[in-house]
**Q** 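Structure in C-alpha coordinates, see below.
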2 protein chains.
Amino acid sequence: MKPNILRRQTIQRKIILEELKRVKTHPTADGIFTLARKKIPAITFGTVYRNLNLLRDAGKILELTCGRYSCRYDGDASQHYHFFCLKCKNVFDACIPAVGNLDRKVSQKLKFQVKYHRIEFYGYCQKCKAKI
Amino acid sequence: MKPNILRRQTIQRKIILEELKRVKTHPTADGIFTLARKKIPAITFGTVYRNLNLLRDAGKILELTCGRYSCRYDGDASQHYHFFCLKCKNVFDACIPAVGNLDRKVSQKLKFQVKYHRIEFYGYCQKCKAKI
DNA sequence: TTAATTGCAAAACTTTTGCAACGCT
DNA sequence: AGCGTTGCAAAAGTTTTGCAATTAA
(Lines give C-alpha, C1' and ligand atoms only; values in the text may rest on other atoms or scores of the structure.)
Protein backbone atom coordinates (compact mmCIF):
# COMPACT_ATOMS: atom_id res chain seq x y z
CA MET A 1 0.00 0.00 0.00
CA LYS A 2 2.45 2.58 1.20
CA PRO A 3 5.16 3.38 -1.31
CA ASN A 4 8.71 2.74 -0.20
CA ILE A 5 10.00 5.99 1.10
CA LEU A 6 12.95 8.09 0.08
CA ARG A 7 14.51 5.26 -1.82
CA ARG A 8 15.90 7.46 -4.53
CA GLN A 9 17.60 10.80 -4.53
CA THR A 10 15.96 12.99 -7.13
CA ILE A 11 16.84 16.54 -7.95
CA GLN A 12 13.30 17.59 -6.99
CA ARG A 13 13.56 16.04 -3.55
CA LYS A 14 17.04 17.44 -3.04
CA ILE A 15 15.99 20.99 -3.88
CA ILE A 16 12.86 20.84 -1.74
CA LEU A 17 14.83 19.74 1.30
CA GLU A 18 17.65 22.20 0.62
CA GLU A 19 15.31 25.15 0.28
CA LEU A 20 13.42 24.17 3.39
CA LYS A 21 16.61 23.99 5.41
CA ARG A 22 17.89 27.24 3.96
CA VAL A 23 14.96 29.52 4.74
CA LYS A 24 13.85 30.36 8.24
CA THR A 25 10.32 31.39 7.34
CA HIS A 26 8.52 28.10 7.90
CA PRO A 27 6.91 28.28 4.45
CA THR A 28 3.65 26.72 3.32
CA ALA A 29 3.56 24.02 0.66
CA ASP A 30 2.74 26.74 -1.81
CA GLY A 31 5.73 28.76 -0.68
CA ILE A 32 8.01 25.78 -1.08
CA PHE A 33 6.59 25.21 -4.53
CA THR A 34 7.47 28.79 -5.45
CA LEU A 35 10.98 28.44 -4.05
CA ALA A 36 11.56 25.13 -5.80
CA ARG A 37 10.24 26.37 -9.11
CA LYS A 38 13.00 28.96 -9.22
CA LYS A 39 15.48 26.10 -9.37
CA ILE A 40 13.37 23.58 -11.28
CA PRO A 41 10.82 25.45 -13.42
CA ALA A 42 9.04 22.24 -14.46
CA ILE A 43 8.32 21.02 -10.92
CA THR A 44 4.67 20.49 -10.06
CA PHE A 45 2.48 20.77 -6.99
CA GLY A 46 2.00 17.01 -6.91
CA THR A 47 5.72 16.44 -6.60
CA VAL A 48 6.08 19.04 -3.87
CA TYR A 49 3.23 17.60 -1.82
CA ARG A 50 4.35 14.03 -2.30
CA ASN A 51 7.86 14.88 -1.17
CA LEU A 52 6.71 16.91 1.80
CA ASN A 53 4.61 13.99 2.96
CA LEU A 54 7.46 11.54 2.53
CA LEU A 55 10.00 13.78 4.23
CA ARG A 56 7.61 14.35 7.09
CA ASP A 57 6.93 10.63 7.48
CA ALA A 58 10.68 10.02 7.47
CA GLY A 59 11.09 12.58 10.25
CA LYS A 60 13.35 14.80 8.18
CA ILE A 61 11.09 17.84 8.37
CA LEU A 62 8.35 19.11 10.66
CA GLU A 63 4.82 19.78 9.52
CA LEU A 64 3.27 22.56 11.56
CA THR A 65 -0.47 22.82 11.45
CA CYS A 66 -1.80 26.30 11.75
CA GLY A 67 -5.27 27.54 11.13
CA ARG A 68 -7.79 26.17 8.70
CA TYR A 69 -6.02 25.79 5.48
CA SER A 70 -2.40 25.11 4.82
CA CYS A 71 0.32 23.67 6.94
CA ARG A 72 3.73 25.17 7.31
CA TYR A 73 6.98 23.28 7.11
CA ASP A 74 10.19 23.46 9.09
CA GLY A 75 13.47 22.06 7.78
CA ASP A 76 14.73 21.79 11.33
CA ALA A 77 13.22 18.58 12.67
CA SER A 78 14.83 18.78 16.09
CA GLN A 79 12.71 19.38 19.19
CA HIS A 80 11.77 23.03 19.46
CA TYR A 81 8.72 25.20 19.89
CA HIS A 82 7.07 27.81 17.68
CA PHE A 83 5.58 31.27 17.88
CA PHE A 84 2.69 32.30 15.62
CA CYS A 85 2.05 35.99 15.05
CA LEU A 86 -1.67 36.66 15.18
CA LYS A 87 -1.32 39.68 12.91
CA CYS A 88 1.19 38.98 10.14
CA LYS A 89 0.71 35.20 10.40
CA ASN A 90 4.45 34.60 10.29
CA VAL A 91 5.94 31.74 12.27
CA PHE A 92 9.10 31.97 14.35
CA ASP A 93 11.15 29.58 16.42
CA ALA A 94 10.52 30.03 20.13
CA CYS A 95 14.01 29.63 21.47
CA ILE A 96 13.39 28.20 24.91
CA PRO A 97 14.58 24.84 26.19
CA ALA A 98 12.26 21.85 26.13
CA VAL A 99 9.93 21.65 29.11
CA GLY A 100 10.83 18.54 31.04
CA ASN A 101 8.59 15.85 32.48
CA LEU A 102 5.51 17.03 30.62
CA ASP A 103 5.05 13.81 28.68
CA ARG A 104 5.49 11.70 31.77
CA LYS A 105 2.95 13.73 33.71
CA VAL A 106 0.33 13.25 31.04
CA SER A 107 1.18 9.57 30.65
CA GLN A 108 0.60 8.99 34.34
CA LYS A 109 -2.58 11.01 34.45
CA LEU A 110 -4.30 9.57 31.39
CA LYS A 111 -2.71 6.11 31.23
CA PHE A 112 -1.88 6.92 27.62
CA GLN A 113 1.44 6.44 25.90
CA VAL A 114 2.78 9.92 25.20
CA LYS A 115 5.45 10.03 22.49
CA TYR A 116 6.09 13.76 22.24
CA HIS A 117 4.50 17.14 22.62
CA ARG A 118 4.40 20.44 20.84
CA ILE A 119 4.02 23.92 22.24
CA GLU A 120 2.71 26.81 20.18
CA PHE A 121 2.89 30.39 21.37
CA TYR A 122 0.53 33.01 20.01
CA GLY A 123 0.83 36.76 20.13
CA TYR A 124 2.40 39.64 18.26
CA CYS A 125 5.90 39.65 16.83
CA GLN A 126 8.29 42.53 17.31
CA LYS A 127 7.18 44.36 14.18
CA CYS A 128 3.48 43.83 14.71
CA LYS A 129 3.34 44.66 18.41
CA ALA A 130 4.57 48.15 17.57
CA LYS A 131 1.68 48.70 15.18
CA ILE A 132 -1.22 47.56 17.33
CA MET B 1 -16.95 44.89 7.14
CA LYS B 2 -17.22 42.34 9.89
CA PRO B 3 -20.75 41.29 10.69
CA ASN B 4 -21.91 42.01 14.19
CA ILE B 5 -21.40 38.88 16.12
CA LEU B 6 -23.80 36.71 18.05
CA ARG B 7 -26.40 39.41 18.10
CA ARG B 8 -29.29 37.05 17.78
CA GLN B 9 -30.09 33.75 19.34
CA THR B 10 -31.18 31.35 16.63
CA ILE B 11 -32.15 27.75 17.08
CA GLN B 12 -29.27 26.72 14.80
CA ARG B 13 -26.69 28.52 16.90
CA LYS B 14 -28.20 27.24 20.10
CA ILE B 15 -28.10 23.61 18.95
CA ILE B 16 -24.55 23.87 17.60
CA LEU B 17 -23.26 25.22 20.90
CA GLU B 18 -25.31 22.76 22.95
CA GLU B 19 -24.08 19.77 21.01
CA LEU B 20 -20.50 20.95 21.19
CA LYS B 21 -20.70 21.33 24.93
CA ARG B 22 -22.45 18.01 25.33
CA VAL B 23 -20.01 15.75 23.52
CA LYS B 24 -16.48 15.15 24.68
CA THR B 25 -15.15 13.99 21.33
CA HIS B 26 -13.81 17.28 19.98
CA PRO B 27 -15.68 16.82 16.69
CA THR B 28 -14.81 18.24 13.30
CA ALA B 29 -17.06 20.73 11.56
CA ASP B 30 -18.46 17.83 9.62
CA GLY B 31 -19.16 15.93 12.83
CA ILE B 32 -20.96 18.91 14.30
CA PHE B 33 -22.99 19.20 11.12
CA THR B 34 -24.06 15.57 11.51
CA LEU B 35 -24.96 16.09 15.17
CA ALA B 36 -26.88 19.26 14.47
CA ARG B 37 -28.75 17.75 11.54
CA LYS B 38 -30.31 15.20 13.87
CA LYS B 39 -32.01 18.08 15.65
CA ILE B 40 -32.47 20.42 12.69
CA PRO B 41 -32.65 18.37 9.49
CA ALA B 42 -32.64 21.45 7.27
CA ILE B 43 -29.41 22.92 8.65
CA THR B 44 -26.63 23.47 6.13
CA PHE B 45 -22.84 23.40 6.11
CA GLY B 46 -22.71 27.13 5.56
CA THR B 47 -24.62 27.78 8.74
CA VAL B 48 -22.46 25.39 10.75
CA TYR B 49 -19.23 26.95 9.52
CA ARG B 50 -20.46 30.49 9.97
CA ASN B 51 -21.50 29.78 13.52
CA LEU B 52 -18.32 27.95 14.39
CA ASN B 53 -16.31 30.93 13.18
CA LEU B 54 -18.44 33.38 15.12
CA LEU B 55 -18.39 31.31 18.30
CA ARG B 56 -14.63 30.92 18.01
CA ASP B 57 -14.13 34.64 17.47
CA ALA B 58 -16.31 35.32 20.49
CA GLY B 59 -14.16 32.99 22.57
CA LYS B 60 -17.02 30.64 23.35
CA ILE B 61 -15.41 27.60 21.78
CA LEU B 62 -11.90 26.44 20.91
CA GLU B 63 -10.76 25.62 17.42
CA LEU B 64 -8.08 22.97 17.47
CA THR B 65 -5.98 22.63 14.37
CA CYS B 66 -4.83 19.15 13.65
CA GLY B 67 -3.32 17.77 10.51
CA ARG B 68 -3.92 18.86 6.98
CA TYR B 69 -7.59 19.10 6.57
CA SER B 70 -10.21 19.83 9.12
CA CYS B 71 -10.08 21.48 12.48
CA ARG B 72 -11.67 20.08 15.57
CA TYR B 73 -13.80 22.00 18.01
CA ASP B 74 -14.03 22.03 21.76
CA GLY B 75 -17.04 23.37 23.62
CA ASP B 76 -14.86 23.96 26.66
CA ALA B 77 -13.06 27.23 25.99
CA SER B 78 -11.17 27.32 29.27
CA GLN B 79 -7.39 26.92 29.32
CA HIS B 80 -6.45 23.27 28.92
CA TYR B 81 -4.25 21.05 26.81
CA HIS B 82 -5.00 18.25 24.39
CA PHE B 83 -3.84 14.77 23.51
CA PHE B 84 -3.97 13.50 19.93
CA CYS B 85 -3.93 9.75 19.32
CA LEU B 86 -1.65 8.99 16.40
CA LYS B 87 -3.59 5.81 15.59
CA CYS B 88 -7.33 6.40 16.02
CA LYS B 89 -6.98 10.16 15.51
CA ASN B 90 -9.25 10.88 18.45
CA VAL B 91 -8.60 13.91 20.62
CA PHE B 92 -8.73 13.92 24.41
CA ASP B 93 -8.31 16.51 27.11
CA ALA B 94 -4.88 16.31 28.75
CA CYS B 95 -5.82 16.92 32.35
CA ILE B 96 -2.72 18.59 33.71
CA PRO B 97 -2.49 22.06 35.18
CA ALA B 98 -1.34 24.98 33.05
CA VAL B 99 2.42 25.30 32.82
CA GLY B 100 3.37 28.59 34.45
CA ASN B 101 5.76 31.27 33.26
CA LEU B 102 6.05 29.87 29.76
CA ASP B 103 4.63 32.92 28.03
CA ARG B 104 6.82 35.24 30.03
CA LYS B 105 9.94 33.26 29.21
CA VAL B 106 9.26 33.46 25.49
CA SER B 107 8.32 37.13 25.71
CA GLN B 108 11.66 37.92 27.31
CA LYS B 109 13.63 35.80 24.92
CA LEU B 110 12.09 36.96 21.66
CA LYS B 111 10.93 40.44 22.62
CA PHE B 112 7.54 39.44 21.29
CA GLN B 113 4.20 39.94 22.98
CA VAL B 114 2.96 36.47 23.90
CA LYS B 115 -0.77 36.27 24.55
CA TYR B 116 -1.24 32.57 25.18
CA HIS B 117 0.11 29.15 24.34
CA ARG B 118 -1.15 25.74 23.48
CA ILE B 119 0.33 22.36 24.23
CA GLU B 120 -0.48 19.28 22.20
CA PHE B 121 0.54 15.80 23.26
CA TYR B 122 0.88 13.02 20.73
CA GLY B 123 0.96 9.29 21.29
CA TYR B 124 -1.37 6.35 21.69
CA CYS B 125 -4.56 6.35 23.73
CA GLN B 126 -5.43 3.57 26.15
CA LYS B 127 -7.28 1.50 23.56
CA CYS B 128 -4.72 1.95 20.81
CA LYS B 129 -1.58 1.40 22.87
CA ALA B 130 -2.84 -2.12 23.62
CA LYS B 131 -3.10 -2.92 19.92
CA ILE B 132 0.28 -1.72 18.73
C1' DT C 1 16.23 -3.75 -15.82
C1' DT C 2 12.81 -2.35 -12.61
C1' DA C 3 10.52 0.01 -9.55
C1' DA C 4 10.42 4.60 -7.42
C1' DT C 5 9.38 9.09 -8.90
C1' DT C 6 7.74 12.73 -11.85
C1' DG C 7 4.49 15.70 -14.70
C1' DC C 8 -0.01 16.37 -15.95
C1' DA C 9 -4.66 16.89 -15.08
C1' DA C 10 -8.63 15.78 -12.85
C1' DA C 11 -10.70 14.78 -8.58
C1' DA C 12 -11.41 15.02 -3.67
C1' DC C 13 -12.15 17.45 0.33
C1' DT C 14 -12.86 21.39 3.37
C1' DT C 15 -14.28 25.97 3.88
C1' DT C 16 -16.08 30.33 2.20
C1' DT C 17 -19.34 33.35 -0.04
C1' DG C 18 -23.16 35.86 -2.87
C1' DC C 19 -27.89 36.38 -2.75
C1' DA C 20 -32.66 36.22 -1.81
C1' DA C 21 -35.71 34.79 1.82
C1' DC C 22 -36.46 34.39 6.57
C1' DG C 23 -37.10 35.53 11.37
C1' DC C 24 -35.04 37.54 15.92
C1' DT C 25 -35.36 41.64 18.59
C1' DA D 1 -39.11 47.59 10.55
C1' DG D 2 -34.37 46.61 10.39
C1' DC D 3 -30.84 43.81 9.86
C1' DG D 4 -28.54 39.66 11.49
C1' DT D 5 -28.98 34.96 10.04
C1' DT D 6 -30.24 31.05 7.17
C1' DG D 7 -30.57 27.88 3.07
C1' DC D 8 -28.98 27.08 -1.32
C1' DA D 9 -25.60 26.56 -4.55
C1' DA D 10 -21.59 27.79 -6.59
C1' DA D 11 -16.89 29.04 -5.90
C1' DA D 12 -12.45 29.12 -3.75
C1' DG D 13 -8.41 27.12 -1.76
C1' DT D 14 -5.62 23.16 -0.51
C1' DT D 15 -4.21 18.48 -1.03
C1' DT D 16 -4.50 13.97 -3.20
C1' DT D 17 -4.42 10.68 -6.92
C1' DG D 18 -4.54 7.82 -11.46
C1' DC D 19 -1.75 7.09 -15.25
C1' DA D 20 1.80 7.09 -18.58
C1' DA D 21 6.49 8.60 -19.10
C1' DT D 22 10.83 9.21 -16.97
C1' DT D 23 14.88 8.12 -14.41
C1' DA D 24 17.77 6.72 -10.34
C1' DA D 25 19.95 2.64 -8.64
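Throughout, protein chains are lettered first and strands after them, A, B, ... in sequence-line order, and every chain is numbered starting at 1. Computed from a predicted structure; not experimentally measured.
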**Q** Whole-Å distance between dT6(D) P and Arg37(B) CZ?
**A** 17 Å
**Q** Taking CG from Asp30(B) and P from dC13(C), how many angstroms apart are they, rounded to a whole number?
**A** 11 Å
**Q** With heavy-atom distances below 4.5 Å as the criterion, would you say the side chains of Leu20(B) and Pro27(B) are in contact?
**A** yes
**Q** I want to check one thing: is the phosphate of dG7(D), taken as OP1 and OP2, less than 4.0 Å away from some side-chain N or O of Gln12(B)?
**A** yes
**Q** Heavy atoms only, 4.0 Å cut-off, all strands: where does Asn53(A) land among base, sugar-phosphate and nothing?
**A** sugar-phosphate
**Q** Rounded to whole angstroms, how far apart are CZ on Arg56(A) and P on dT15(D)?
**A** 11 Å
**Q** Between the protein and nucleotides 17-20 of chain C, which nitrogen or oxygen pairs come in under 3.5 angstrom?
**A**
residue, atom, partner, partner atom, Å
dG18(C), O6, Arg50(B), NH1, 3.4

**Q** Checking contacts here: which listed nucleotide (dT6(D), dG7(C), dT15(C)) is nearest the side-chain heavy atoms of Arg13(B)?
**A** dT6(D)
**Q** Ile40(A) CD1 to dT5(C) C1': how many Å, rounded?
**A** 12 Å
**Q** Return the minimal non-hydrogen interatomic distance between Ile40(A) and Gln12(A), and the atom names on each side.
**A** CD1-CA, 3.7 Å
**Q** Relative to the ring of Phe84(A), is the ring of Tyr122(A) parallel (under 30°), tilted (30 to 60°) or perpendicular (over 60°)?
**A** parallel
**Q** Mapping Ile11(A) and Ile11(B) to their closest nucleotides on DNA chain C, which lands nearer the 5' end?
**A** Ile11(A)
**Q** So which one's nearest nucleotide on DNA chain C is more toward 5', Thr28(B) or Gln9(B)?
**A** Thr28(B)
**Q** Report the distance from atom NZ of Lys14(A) to atom P of dT6(C), rounded to the nearest whole Å.
**A**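 To the nearest whole Å, that distance equals 14 Å.
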**Q** Of the candidate nucleotides dA25(D), dG7(D), dT5(D), which contains the atom at the shortest distance from the side chain of Thr44(B)?
**A**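 Nearest to the side-chain atoms of Thr44(B), counting from C-beta on, is dG7(D).
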**Q** Given atom CZ of Arg7(B) and atom C1' of dT5(D), what is their separation to the nearest angstrom?
**A** 13 Å
**Q** Identify whether any heavy atom of Asn51(A) sits under 4.0 Å from a base atom; if not, whether one sits that close to sugar-phosphate; answer base, sugar-phosphate or nothing.
**A** sugar-phosphate
**Q** For the rings on Phe92(B) and Phe112(A), is their centre-to-centre separation under 6.0 Å?
**A** yes
**Q** Just the rounded figure in Å: distance from P of dT5(C) to CD1 of Ile43(A).
**A**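 One finds 14 Å between P of dT5(C) and CD1 of Ile43(A), rounded.
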**Q** Over how many whole Å does the gap from Leu54(B) atom CG to dT16(C) atom P extend?
**A**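 Rounded to the whole Å, the gap is 11 Å.
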**Q** Using a 4.0 Å heavy-atom cut-off across all strands, classify Thr10(B) as base, sugar-phosphate, or nothing.
**A** sugar-phosphate
**Q** Side chain of Arg8(B), heavy atoms from C-beta onward: which of dG7(C), dT15(D), dC3(D) has the nearest atom to it?
**A** dC3(D)
**Q** Among pairs that include at least one residue of residues 14-35 of chain B, which meet salt bridge (charged side-chain N to carboxylate O under 4.0 Å, His left out), considering only residues two or more places apart or in two chains?
**A** Lys14(B)-Glu18(B), Glu19(B)-Arg22(B), Glu19(B)-Lys39(B)
**Q** Would you indicate whether the side-chain heavy atoms of His80(A) and Leu62(A) approach each other to under 4.5 Å?
**A** yes
**Q** Checking side-chain polar atoms at under 3.5 Å, does Asp93(B) have a donor or acceptor matched by the opposite partner on His26(B)?
**A** yes
